[in-house]
Amino acid sequence: MSGERTVPLLPCRSVDEIAGFYTMLGFTRTYRQERPNPYVVVERDDLHLHFFGLPGFRPEDSYGTCLVVVPDIVEFFDAFAARMRAAHGKLLVSGIPRMTRPRRRKNAEGVTGFAVIDPGGNWIRFTAGADDAPAEPGPGGLTGALHNAVVMGDSRGDHERAARLLDHALRRYEATVGPAELVEALAYRAELAARAEDTPGVREFLARAERVPLDEAGRKASAATLTALRDLVAPVLARPAPVRPAD
């Protein structure tokens with residue numbers, strides 16, 4: 001038999017709040033009810049998401065998640081990012097709701113993916129389809145630590161543990177790795193600082209990434225990483241630097 005379709009039903013605090021978030025991303029609300037229980041449906045082409053409201057629900061305690069396989073991961077991310085910037089003037093990278101950047105995931109066989117964490121605390125995990133060639137198994141050293149940090153930070157949402165893991169690896173390997181590898185790790189560490197709303201940390205790691213000496217090949221290899229990083233952390237850097245008390 002063919003033609004089957006699975007539609008996730010996910011919890012939220014407010015069906016109107018969740019519908020507003022998804023319409024901001026380009027979805028259309030196609031159904032809403034208040035009784036006998038709050039319920040809303042949003043759709044974007046063939047992607048349908050259903051949500052039910054729960055009194056007293058805490059988004060930070062949510063375990064709701066679903067996997068969405070898409071033919072072009074970059075197209076989806078760029079479309080969501082453009083609409084998020086138009087609505088908020090920035091990408092939402094910390095708190096709830098937020099969105100992660102597309103990366104290859106060690107715990108997903110190296111396939112590229114990103115996540116939307118909605119106002120209900122649900123993780124909508126977008127992953128590339130069959131045309132996305134899996135990455136080779138990750139090496140050890142700094143790149144291996146980076147892959148593990150991405151699992152912690154992007155898949156499990158534990159940016160504090162991801163930051164500790166990467167800090168340890170940077171102290172151990174920073175002086176011995178290639179420039180492009182170092183830029184990638186420092187860029188992700190800056191992004192983790194942005195999620196923690198750690199403005200000094202954002203400034204520090206972005207500056208360190210931009211100071212890495214790169215030859216022409218290295219600049220080409222790292223250009224997309226640095227451009228994406230500046231875009232993600234720009235709202236954090238726009239805040240005034242904290243004033244340190246005089247000694």
Counterpart residues, side-chain hydrogen bond (donor to acceptor under 3.5 Å, both in side chains), relative to [X] (two or more places apart):
X	answer
D167	R189
T30	E43
T65	R125
S62	N122

Among all residues two or more places apart in sequence or in another chain, which pass the side-chain contact (heavy atoms from CB on, under 4.5 Å) test with [X]?
X	result
D78	V74
H88	M24, M84, K90, L92
R13	E17, F57, P59

For [X], enumerate each residue passing the salt bridge (Lys or Arg N to Asp or Glu O under 4.0 Å) test, keeping only those at least two apart in sequence or located in another chain.
X	value
R85	D231
E160	none
E75	none

Side-chain atoms of residues 206-219: list all donor-acceptor pairs with protein atoms under 3.5 Å, sequence neighbours left out, distances to 0.1 Å.
from	atom 1	to	atom 2	distance (Å)
R208	NH1	E204	OE2	3.0
R208	NH2	E174	OE1	2.7
R208	NH2	E174	OE2	3.4
E210	OE2	R230	NE	2.6
E210	OE2	R230	NH2	3.2
D215	OD1	A217	N	3.2
D215	OD1	G218	N	2.7
E216	OE1	R219	NH2	2.9
R219	NH1	L214	O	2.8

Checklist entry - Taking the six-membered ring for Trp, is the centroid-to-centroid distance between F114 and F76 below 6.0 Å? => result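 Between F114 and F76, the centre distance exceeds or equals 6.0 Å.
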
Next on the checklist: Please report the interatomic distance CG(D118) to CD1(I96), rounded to the nearest 0.5 Å.
Outcome noted: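 It is 9.0 Å, given to the nearest 0.5 Å.
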
Checklist entry - salt bridge (charged side-chain N to carboxylate O under 4.0 Å, His left out): which pairs involve residues 52-61, sequence neighbours left out? => result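 Checked against salt bridge (charged side-chain N to carboxylate O under 4.0 Å, His left out) - neighbours excluded - the pairs reaching residues 52-61 are R58-E60, R58-D61.
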
